[in-house]
J.: 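This is the structure I have questions about; it appears just below.
All values below come from the heavy atoms of this structure, side chains included, with hydrogens, waters and symmetry mates left out. Since the structure is predicted, the reported quantities are computational estimates derived from the model, not experimental observations. Order of the sequence lines fixes the chain letters, A, B, ..., with proteins taken first and strands second; residue numbering starts at 1 for each chain.
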2 protein chains.
Amino acid sequence: MGQQSKPAAESGTRESERRRTILRAAIDVFARKGYHGCRIADVAKEAGVAYGLVYHYFKNKDELLETVFDTGWSGFVTRVRAVVEGEGPLAEKVRGIVEVAFEAYRVDPRAVKVLILEIARSPAGSRINRQTAFVDAIRLSSALFNAAQERGELRTGLDPHLASALLFGNIEMALTAFVVGLADARDPDALERAKSQIADSFLYGVLTGAQAAEVSEWKPEKSATKSKAPKRS
Amino acid sequence: MGQQSKPAAESGTRESERRRTILRAAIDVFARKGYHGCRIADVAKEAGVAYGLVYHYFKNKDELLETVFDTGWSGFVTRVRAVVEGEGPLAEKVRGIVEVAFEAYRVDPRAVKVLILEIARSPAGSRINRQTAFVDAIRLSSALFNAAQERGELRTGLDPHLASALLFGNIEMALTAFVVGLADARDPDALERAKSQIADSFLYGVLTGAQAAEVSEWKPEKSATKSKAPKRS
DNA sequence: CCGCTGGTTGACTGGCGAATCACCCGCCGG
DNA sequence: CCGGCGGGTGATTCGCCAGTCAACCAGCGG
């Protein structure tokens with residue numbers, strides 16, 4: 001643990017090492033026992049710090065969850081935005097979004113678990129509705145489908161918003177399957193298959209016949225844009 | 001449990017009027033403030049009964065939620081099973097399942113809200129994992145897709161389990177949109193559109209080209225099977 | 001060497017709410 | 001008329017846990 005005497009300046013972010021440790025511990029504990037099912041004491045123990053220190057860095061338990069959310073979600077949204085605003089055909093972008101979500105899961109499954117289980121469906125209560133965030137993401141990719149519709153690539157009568165919602169619905173359901181253990185997350189093949197099946201069936205479901213035909217021809221060419229900035233959190 | 005004295009026959013269910021009142025109140029309060037965000041006192045007040053009576057009928061708060069779940073979910077599963085085991089082509093059945101879900105929402109939106117928000121994604125903790133129930137439903141309709149796959153109606157390489165999960169994922173996402181107010185639930189047209197778009201895009205997404213072609217020809221002929229047993233709860 | 005500052009500690013407390021319990025009341029059977 | 005019983009009541013109890021706080025320590029500047 002204690003590597004003190006850090007040369008102040010250090011790695012980009014201003015937040016102290018300790019703060020990050022606590023955040024990390026919070027994610028792990030939330031993932032294991034759920035937000036309501038754990039005490040601050042658990043988080044402190046997991047992080048290997050004193051009880052009171054948690055309150056030094058976070059106003060209260062709620063803010064802790066809030067922060068976990070902001071951190072994880074903003075990373076996700078940023079990546080999605082990059083995909084949406086990038087170049088390439090719709091199908092490619094859809095695959096890109098799916099890729100982003102699954103990659104996030106691969107890199108930090110517990111963080112994803114918390115996002116899905118604790119936040120996406122958090123009951124009405126909590127202060128500034130986090131549902132807004134979810135909606136934002138949906139709206140973000142709506143733009144994609146709006147444009148596609150104007151180009152006549154979407155099947156007629158399909159609401160772009162709904163299309164966008166369905167995409168995230170599919171992704172969420174698939175990830176949920178892994179999160180709750182329905183599917184075996186340790187099998188990298190299962191991840192890969194789920195990924196492509198989701199993208200495919202979504203595209204088939206949403207595109208016009210002509211466009212869909214092209215989907216069939218698509219094959220994973222170990223794509224260029226695979227880069228992957230080191231996922232934070 | 002002493003069920004004597006009462007003119008035995010009476011209204012089907014054995015449970016007392018009071019018990020049902022409390023259950024109903026619980027659904028309403030859970031929907032409004034969330035399971036964790038409400039006190040037993042709230043439920044009692046809503047039901048117009050004494051605090052202690054809640055504990056007369058239910059062992060504890062958890063059992064109350066559990067019961068709300070069992071009641072609502074078993075009704076849903078029963079209806080889905082009826083559809084799955086009925087006659088007719090796959091497409092028809094898929095539409096049937098979607099119909100069941102939306103009808104449940106139309107009849108008792110608050111109950112659906114509780115199921116979706118409080119239970120589907122309940123954190124690891126709670127006793128006998130209710131996730132099992134969710135999985136059961138998915139498995140149930142998997143049979144459908146299994147059969148379809150053998151008949152060659154499913155696109156190749158598509159896992160029947162996944163197809164089933166996607167169907168429920170789509171339904172859930174759509175209902176969530178209404179539950180959280182993203183879509184206007186008071187507009188019966190919105191419900192209707194969402195319903196058909198979900199079914200359509202799912203079918204297009206999952207079926208082989210040949211089968212999908214038939215989907216296009218489908219038109220709502222104010223179907224026979226619309227009957228609708230009076231939804232319980 | 002002194003004292004300040006800011007990160008760090010963990011015992012303590014105050015409130016909240018789940019669960020209990022002693023009591024009530026109307027009914028029925030003897 | 002009595003006594004027992006089951007549905008019904010709500011004040012009281014009791015444990016838990018979020019959040020506080022006084023004290024502690026390490027470094028540092030003077």
J.: Round to a whole Å and report the spacing from OH of Tyr35(A) to P of dC17(D).
T.: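 It is 13 Å, rounded to the nearest whole Å.
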
J.: Side chain of Tyr55(B) only, heavy atoms from C-beta on: which candidate in dT9(C), dA19(C), dG17(C) is closest?
T.: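 For the Tyr55(B) side chain, the nearest candidate turns out to be dA19(C).
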
J.: Can a cation-pi geometry be assigned to Lys61(A) and Tyr35(A), taking NZ or CZ under 6.0 Å from the six-membered ring centre and within 45° of the ring axis?
T.: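 Satisfied, under 6.0 Å and within 45°.
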
J.: Between Lys195(B) and Ala101(B) (side chain of the first, backbone of the second, donor and acceptor by atom type, cut-off under 3.5 Å), is there such a pair?
T.: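 Not confirmed, Lys195(B) side chain does not pair with Ala101(B) backbone.
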
J.: Between Trp73(A) and Phe69(A), what is the ring plane arrangement, given parallel below 30°, perpendicular above 60°, and tilted in between?
T.: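 The rings of Trp73(A) and Phe69(A) lie parallel, inter-plane angle below 30°.
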
J.: Pick base, sugar-phosphate or nothing for Leu53(A), based on heavy-atom distances below 4.0 Å to the nucleic acid.
T.: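 Leu53(A): base contact, heavy atoms under 4.0 Å.
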
J.: What nucleotide, of dT9(D), dA18(C), dA18(D), holds the atom closest to the side chain of Lys61(B)?
T.: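 The listed nucleotide nearest to Lys61(B)'s side chain is dA18(C).
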
J.: Strictly below 4.0 Å: does Arg18(B) bring a side-chain N or O up to OP1 or OP2 of dG7(D)?
T.: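 It does not, given that no N or O in the side chain of Arg18(B) lies less than 4.0 Å from OP1 or OP2 of dG7(D).
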
J.: Under a 4.5 Å cut-off applied to non-hydrogen side-chain atoms, are Phe145(A) and Leu158(A) in contact?
T.: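 Of all side-chain heavy-atom pairs linking Leu158(A) with Phe145(A), none is under 4.5 Å.
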
J.: Please pick, from dA11(D), dT8(C), dG8(D), the nucleotide with the shortest atom-to-atom distance to any side-chain atom of Tyr51(B).
T.: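 Looking only at side-chain atoms, Tyr51(B) lies closest to dA11(D).
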
J.: Whole angstroms only, please: what is the CD1-C1' distance between Ile22(B) and dT9(D)?
T.: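 To the nearest whole Å, that distance equals 12 Å.
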
J.: So if I take every side-chain heavy atom of Arg39(A) and compare against dA18(D), dT9(D), dT9(C), which nucleotide ends up nearest?
T.: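 Within the option list, the nearest is dA18(D).
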
J.: Return no unless some side-chain N or O of His56(B) is found under 4.0 Å from OP1 or OP2 of dG8(D).
T.: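 False: His56(B) side-chain N/O out of range (4.0 Å or more) of dG8(D) OP1/OP2.
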
J.: Measure from the side chain of Tyr57(B), starting at C-beta and using heavy atoms only, and say which of dT8(C), dA18(D), dG8(D) lies closest.
T.: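 Within the option list, the nearest is dG8(D).
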
J.: Measure from CZ on Phe58(B) to P on dG7(D) and round the result to the nearest Å.
T.: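 Spelled out: CZ on Phe58(B) to P on dG7(D) is 14 Å.
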
